[in-house]
Amino acid sequence: MTDKTPQGRIAAFLETVHPYDTLPQDELARVASSFGRMVLEAGQQIYTAGAPLEGLYLVKSGAVEVVDPSGALVSLLGPRNTFGERGLMRDGTALTTARTAEPSVVLMLPADDFRRLIATRPAFERFFNRGRAIETRGPDLATRKVADLMARKPVTCGPTATVTEAARIMRDEHVSSLGVVDGGRFVGLLTTRDMTNKVLAEGRDPATPVHAVMTPDPLSLPPEALGSDVLHMMLERRIGHLPVVRDGALLGMVTQTDLTRFQAVSAAVLVRDVATADTLADMAATTARIPQLLMQLVGAHNAHEVVTRLITDIADAVTRRLLAMAEAELGPPPVPYLWLACGSQGRQEQTGVSDQDNCLFIDDAMAPGDMDYFQRLAHFVSDGLNAAGYYYCPGDMMATNPRWCQPVSVWRDYFAGWVNKPDPMAQMLSSVMFDLRPIGGQVSLFSDLQAETLDLAAKNSIFVAHMISNSLKHQPPLGLLRGFATIRSGEHRNHIDMKLNGVVPVVDLGRIYALRGKLTAVNTRARLLAAEEAGVISVSGARDLIEAYDLIADTRLRNQATLVQMRRKPDNFLAPADLSDFERSHLRDAFVVVRTMQSSASSRGAPG
């Protein structure tokens with residue numbers, strides 16, 4: 001019989017809300033009896049920013065709007081949406097103001113009961129705690145899933161194919177084994193060893209059907225098995241090919257070559273191979289392994305700042321190798337120079353898809369005729385980067401553009417002009433150039449100029465205000481109805497751009513904090529940490545923003561790694577529908593934090 005008491009109705013409602021749906025029935029009933037029930041009219045205030053929170057709130061019906069301290073709307077919540085958890089997880093003080101947007105029924109779980117659930121129920125701790133433990137372990141073959149070790153889709157033939165036909169398939173596909181499939185069902189395995197031992201050695205007719213020489217019903221593993229299972233089976237049974245099968249269907253093949261390739265792909269190996277490359281082709285072959293490295297680093301649960309740093313290290317090595325190759329071809333430079341990267345490479349935040357953004361600083365001692373050398377050097381390096389997969393910047397922000405290949409004195413005039421006349425173009429250029437990082441050459445050409453420019457910019461309140469205004473052009477993809485504002489049309493319809501609307505808003509905030517504090521860090525996460533230490537941003541604001549950034553950046557990388565595993569090129573577009581309710585909830589909460597910090601920067605004319 002259905003319990004129609006108030007507590008029974010609340011319990012029935014909680015069974016439809018995560019993470020309450022994970023509670024045993026007796027605990028669910030106990031929690032339901034702890035909830036208070038409020039029937040509210042439209043426009044009633046539930047709590048105000050800065051006030052102590054009585055507990056955790058849950059919308060049962062109606063709608064609740066949440067606004068930041070400046071009055072800007074950050075979320076419109078509907079049934080089954082929770083609010084107030086951020087303040088409770090910190091010091092018990094509300095960070096926002098909540099009021100009803102229409103007649104509503106709101107449930108409230110007292111703070112002590114909420115904290116007890118966090119302490120005793122792992123599902124609650126995982127759901128409400130946005131922090132993460134940073135793991136930095138490298139790729140561990142033994143603990144990886146078999147599905148992660150498959151290098152490609154399986155190559156197959158039918159059981160009636162001749163051994164000659166099978167040999168041609170192996171040759172054309174560059175594989176050492178074939179899965180034999182009959183009517184969609186995996187029935188056998190044919191390897192190059194079978195061809196040698198059972199066909200050539202025994203003098204069989206080339207028209208012999210594959211089923212006569214294949215290994216029928218070979219040993220196999222499911223995709224959920226671990227790398228250790230592969231290793232043990234290969235060693236114990238002395239086999240070099242292991243089919244991956246589920247419900248009779250062949251999903252892939254793991255070979256000894258795959259295991260070797262997995263262990264060989266590391267950032268250090270790729271940097272070494274780039275540094276010793278003799279040709280552009282060798283370099284391009286090395287950088288083509290970056291998507292595999294990305295997949296392995298993400299799969300090993302490395303923090304996003306570790307993954308992007310290691311991938312950027314490869315781009316840095318490619319650039320320095322190209323500079324050396326350019327000097328070998330063109331001769332020594334007439335005067336000292338410095339090659340700098342900006343954009344994601346400058347911030348050490350490159351992912352699986354990157355263009356190139358760079359410029360060239362030249363010593364003021366250069367003679368008029370020296371520019372030809374540096375233009376040729378710029379084209380050599382930029383063309384080489386493009387050949388290695390770092391495609392040309394769509395905005396022509398490259399050293400090949402004469403504007404970005406200049407003596408230091410010209411660069412000094414550039415920065416002074418942008419700061420003193422902050423028009424929209426100056427703001428755009430400043431945003432790019434404040435992320436400069438030396439890659440190869442004489443670093444002293446930039447260090448004094450960086451300190452000088454930071455000091456000049458920080459003192460100009462109009463410039464800072466314009467930078468803040470410019471940064472707000474990139475908004476988190478928040479929809480009013482507890483959803484996401486996705487792309488409405490085109491190839492990426494119903495997707496979120498996790499670069500422009502995901503990480504870029506935080507990158508922009510980090511740049512503003514660095515400007516205000518005259519901080520020399522360029523990496524976004526390092527800027528946030530430095531801003532907190534310097535008092536540019538509050539401790540609580542920094543903690544929330546860093547955790548939000550970590551979640552957004554990690555989600556972006558996981559999506560790219562998934563695309564790589566699906567044999568697709570990584571990009572920045574994520575479909576919220578591909579995420580679980582749990583993941584969508586926390587990703588949206590992270591976007592709300594970013595929007596709140598943007599609003600704070602806008603309302604005060606300064607971040608924090």
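Numbers here are sequence positions counted from 1.
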By ring pair (Phe, Tyr, Trp, His ring centres under 6.0 Å) - contacts of Phe591 (at least two apart) | none

Are a donor atom and an acceptor atom from the side chains of Gln560 and Thr351 found within less than 3.5 Å of each other?
-> yes

ring-ring contact (aromatic ring centres under 6.0 Å, His included): pairs with one or both residues in residues 524-544, sequence neighbours excluded = none

Is there a donor in the side chain of His304 and an acceptor in the side chain of Asp550, or the other way round, less than 3.5 Å apart?
-> yes

Going by the ring-ring contact (aromatic ring centres under 6.0 Å, His included) test, which pairs reach into residues 269-288, not counting sequence neighbours?
-> none

Ring pair (Phe, Tyr, Trp, His ring centres under 6.0 Å) partners for Phe446, two or more places apart = Phe361

For residues 430-452, which residue pairs qualify under salt bridge (Lys or Arg N to Asp or Glu O under 4.0 Å), counting only residues two or more places apart or in two chains?
-> Asp316-Arg437, Arg347-Asp435, Arg412-Glu452, Asp435-Arg511, Asp435-Arg527

Not counting sequence neighbours, which residues clear ring pair (Phe, Tyr, Trp, His ring centres under 6.0 Å) with Phe374? List them please.
-> Tyr337

Test salt bridge (Lys or Arg N to Asp or Glu O under 4.0 Å) applied to Arg403 - qualifying residues, sequence neighbours left out | none

Asp497 meets the salt bridge (Lys or Arg N to Asp or Glu O under 4.0 Å) criterion, sequence neighbours left out, with none

With sequence neighbours left out, what residues match His379 under ring pair (Phe, Tyr, Trp, His ring centres under 6.0 Å)?
-> none

Salt bridge (Lys or Arg N to Asp or Glu O under 4.0 Å) partners of Arg558, counting only residues at least two apart | none

Salt bridge (Lys or Arg N to Asp or Glu O under 4.0 Å) pairs touching residues 384-401, sequence neighbours excluded, are none

Residues 335-345 vs salt bridge (Lys or Arg N to Asp or Glu O under 4.0 Å), sequence neighbours excluded, gives none

